[in-house]
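Heads up: the structure comes next, in structure tokens.
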2 protein chains.
Amino acid sequence: MTSALDIVFAALADPTRREILRMLLEDDMAVTDVAEPFAMSLAAISKHLAILAAAGLISQEKRGRVKWCKLEPDALRAASVWMQSFGQFEPVNLDAFEAFLAQELHLPTDPEL
Amino acid sequence: MTSALDIVFAALADPTRREILRMLLEDDMAVTDVAEPFAMSLAAISKHLAILAAAGLISQEKRGRVKWCKLEPDALRAASVWMQSFGQFEPVNLDAFEAFLAQELHLPTDPEL
DNA sequence: CGCATATTCAACCGATTGGTTGACGATCTG
DNA sequence: CAGATCGTCAACCAATCGGTTGAATATGCG
């Protein structure tokens, strides 16, 4: 029953993992380089990266013996949408969501998706 | 060292707590009424509410013997700002909305979509 | 007062989390 | 090939999490 939102929010709830995401915002990085600024073992960082990857927040590609980590910001989209439903569309109930969805059908789809 | 962001994201990482927030979006509720639809003890819900309150996502005011719970959506702002730094996520994204409806509200997919 | 209602507290439990260390497989390099 | 580097795996640990139950604390009511 654990939804994607569970996993994404849980992944974001750790400051080390958020800092890793911030680092990856600037450029792709190897696991060892991700670990370098942190005062913890490489294995610990490797676990954090696995959690971020499981949440879809990063992707990892192995080239040679180096595993490159790449930010995947689209994974934040569902979480962002969930949060927006509280601020911007108040009051939001199920009917409002459905009405909103119907209204959005007339808008062009983002081609980058 | 645990930042406000840690606490907010951790609070959001539980489906019971997200459902509580969704319920409170419609109206303020007493603790007992919040607990009613869930298949768990009142004490468990009381704990969940304490976690939401600690994150600032709800406020609780006792009137008589009833403790009223009120959504405080402003607490989502810091988290939202953090996420926006990774790219602008249109809150009105159709795909994300479909995912949201399917996962969180357990609605059948509209065949016309 | 005496009882029901609303909520929390305290103790406990099993599962998960975030970290460690040491061994290991895989890959590059001299 | 031998040795160094990259990263994960496995076992372990203390702390936290999400739940339970039963007792306790307020508060409202007849």
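Order of the sequence lines sets the chain letters (A, B, ...), proteins ahead of strands, with each chain counted from 1.
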Please determine, for the side chain of [X], which listed nucleotide ([options]) has the closest atom?
| X | options | value |
| --- | --- | --- |
| B:Ala44 | C:dT8, D:dT8, D:dG19 | D:dG19 |
| B:Arg65 | C:dT8, C:dT5, D:dT8 | C:dT5 |
| A:Lys47 | C:dT20, C:dA4, D:dG19 | C:dT20 |
| A:Val66 | C:dT20, D:dC6, C:dT8 | D:dC6 |
| A:Thr32 | C:dG19, D:dG19, D:dG7 | D:dG7 |
| B:Val31 | C:dT7, C:dT20, D:dG18 | C:dT7 |
| A:Ala43 | D:dT27, C:dT21, D:dG7 | C:dT21 |
| A:Thr16 | C:dT7, D:dG7, C:dG19 | C:dG19 |

**OP:** Ignoring backbone atoms, establish whether B:Lys67 has a side-chain N or O less than 4.0 Å from OP1 or OP2 of C:dT8.
**Re:**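 The answer is yes; a side-chain N or O of B:Lys67 sits under 4.0 Å from OP1 or OP2.
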Original post:
Has A:Ser41 got a side-chain N or O lying under 4.0 Å from the OP1 or OP2 atom of C:dG19?
Top reply: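 So the side chain of A:Ser41 is outside the cut-off, no N or O lying under 4.0 Å from OP1 or OP2 of C:dG19.
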Take the protein atom [atom1] of [X] and the nucleotide atom [atom2] of [N], then report the distance between them rounded to whole Å.
| X | N | atom1 | atom2 | answer |
| --- | --- | --- | --- | --- |
| B:Ile58 | C:dT7 | CD1 | C1' | 13 Å |
| B:Leu42 | D:dG19 | CG | P | 13 Å |
| A:Ile7 | C:dT16 | CD1 | C1' | 14 Å |
| A:Ile51 | C:dT17 | CD1 | P | 7 Å |
| A:Ile20 | C:dG19 | CD1 | C1' | 13 Å |
| B:Glu36 | C:dT5 | CD | P | 15 Å |
| A:Asp14 | D:dT16 | CG | C1' | 13 Å |
| B:Ile45 | D:dT20 | CD1 | P | 9 Å |

What are the two closest non-hydrogen atoms of [X] and [Y], and how far apart are they?
| X | Y | answer |
| --- | --- | --- |
| B:Ala11 | B:Ile51 | CB-CG2, 4.1 Å |
| A:Gln60 | A:Ala53 | OE1-CB, 3.8 Å |
| B:Leu25 | A:Ser85 | CD2-O, 3.9 Å |

Subject >> Nearest-0.5 Å distance, OG of residue A:Ser3 to CZ of residue B:Arg18 >> reply: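 Interatomic distance, A:Ser3 OG to B:Arg18 CZ, rounded to 0.5 Å: 4.5 Å.
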Original post:
Relative to the 5' end of DNA chain C, which residue comes earlier, A:Ala10 or A:Lys62, by the nucleotide with the nearest heavy atom?
Top reply: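 Counting from the 5' end, the first nearest nucleotide belongs to A:Ala10.
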Subject >> Sugar-phosphate only, base, or nothing, as touched by A:Arg63 at under 4.0 Å among non-hydrogen atoms >> reply: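 No contact at all - A:Arg63 keeps every heavy atom at 4.0 Å or more from the nucleic acid.
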**OP:** Determine the contact category for A:Ala50: base if any of its heavy atoms lies under 4.0 Å from a base atom, sugar-phosphate if only primed atoms, P, OP1 or OP2 are that close, otherwise nothing.
**Re:**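 Result for A:Ala50 = nothing.
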Original post:
Do B:Arg17 side-chain atoms and B:Leu12 backbone N/O form a donor-acceptor pair below 3.5 Å?
Top reply: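 No, because the side chain of B:Arg17 does not come within donor-acceptor range (under 3.5 Å) of the backbone of B:Leu12.
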Original post:
Do A:Leu5 and B:Met23 sit in the same hydrophobic cluster, where Ile, Leu, Val, Met, Phe, Trp and Tyr count as joined when their side-chain heavy atoms come under 4.5 Å apart?
Top reply: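 Shared cluster, yes.
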